[in-house]
Amino acid sequence: MSIKNVRLEVMQAIEPQVKGFMEEFLIPTENIWQPTDFLPDSQSESFFDEVVQIREEAKELGYDFWVTLVADTITEEALPTYESWLMDVEGIDQHNGKENGWSKWVRAWTAEENRHGDVLNKYLYLSGRVNMREVEITTQHLISDGFDIGTDRDPYKNFVYTSFQELATNISHKRVGKMAKQKSNGLLAKMCTIIAGDEMRHHLAYREFVKTIMGQDPDGMVQAFADMMKRKIVMPAHFLRESGGSIGAAFEHFSNCAQKLGVYTAQDYVDILKKLNGYWEIGNLSSLSEQGEKARDYLMKLPERLERIAERMKFPQTQQTFKWVEANGSL
Ligand SMILES: [Fe+2]
Ligand SMILES: [Fe+2]
């Protein structure tokens, strides 16, 4: 049987469990937080006073902080790219009647994620610290440019990617929240922390999908995981550009910024890999094909190799400027 058919069969075999995953890892719409729970209520008389407070508190945060928050927001706002990508993955069949658990998962996951870009965008708008038009142009570019994460339509590779990526966003939102708290910006800290909590639930779900697949097809799964790590997990916003800029140019500058601030670092990448290796018990996999064994051994040695590279990595310390934070930020 071809790899594609094996994967389809595995996806179909697991599909009846997806309803349970949704109950375990997602929160019903009526019970979960909404952006308005954190932002000033525009129907209230105190709206303008609350906005003034937001703007005052925002003045305490520095240039690199705003750049990072803007890029995090734009990454969330490019959600149409992620939903359409996942809907196209083998086995996630939205046309097969409404009862396909996988497509229900993708819709419900998207619906949760959608609140992240929504709340952050509104906060940025009210803060008065960023050039919103430039932010909007970048968002439009990013959605239009799409992404290429190297997963193809392979469900195994896509779930490795999302397991990794949800934890990466958990880390970066959590750290941004901590920095906001240190600058006494309680509202922003709360928002980032609650978003980080969503990302963690999503990470736990996707890593469970992979673990379940591992139970059915360890050989195929471990090879897919190794393939993804060989080509490196690229960030979903790797095509980020500013107005007038070339595709991907702003991404490198932003990731240097995030690395400098300590919001997301090369060491975090290694730590995520170690966690995934541990949870999926890669080191204990046995009865694999020769290629499966090679993949397992590669994955087990990779953290140490990457750690050595991370230690040697140098990042430019020069201050990068962005059109998003041109007008208000002090360097
Ligand atoms: Fe998100
Ligand atoms: Fe997420």
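All ligand and atom numbering here is 1-based and tracks the order in the structure.
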- Item | Which N, O or S atom of His116 lies nearest to the Fe ion (ligand 1), by name | ND1
- Task: Just give me the atom name: the N, O or S atom of Glu199 closest to the Fe ion (ligand 2).
- Result: OE1
- Item | Candidates Trp102, Trp109, Tyr206, Phe209 - the one meeting ring-ring contact (aromatic ring centres under 6.0 Å, His included) with Phe21 | Phe209
- Message: Between Arg153 (side chain only) and Asp88 (backbone N and O only), is there a donor and an acceptor less than 3.5 Å apart?
- Response: yes
- Task: Establish, yes or no, whether the cationic atom of Arg175 lies under 6.0 Å from the six-membered ring centre of Tyr264 and within 45° of the ring axis.
- Result: no
- Message: Restricting to N, O or S, what is the name of the atom of Glu166 that lies nearest the Fe ion (ligand 2)?
- Response: OE1
- Within Glu76, is some N, O or S atom less than 2.8 Å away from the Fe ion (ligand 2)? no
- Could Arg201 and Phe25 be counted as a cation-pi pair, given that NZ or CZ must be under 6.0 Å from the ring centre and within 45° of the axis? no
- Task: Anything under 30° is parallel, anything over 60° is perpendicular, the rest tilted; go ahead and classify Phe322 against Trp324.
- Result: parallel
- Item | Closest Glu113 atom to the Fe ion (ligand 2) [N, O or S only] | OE2
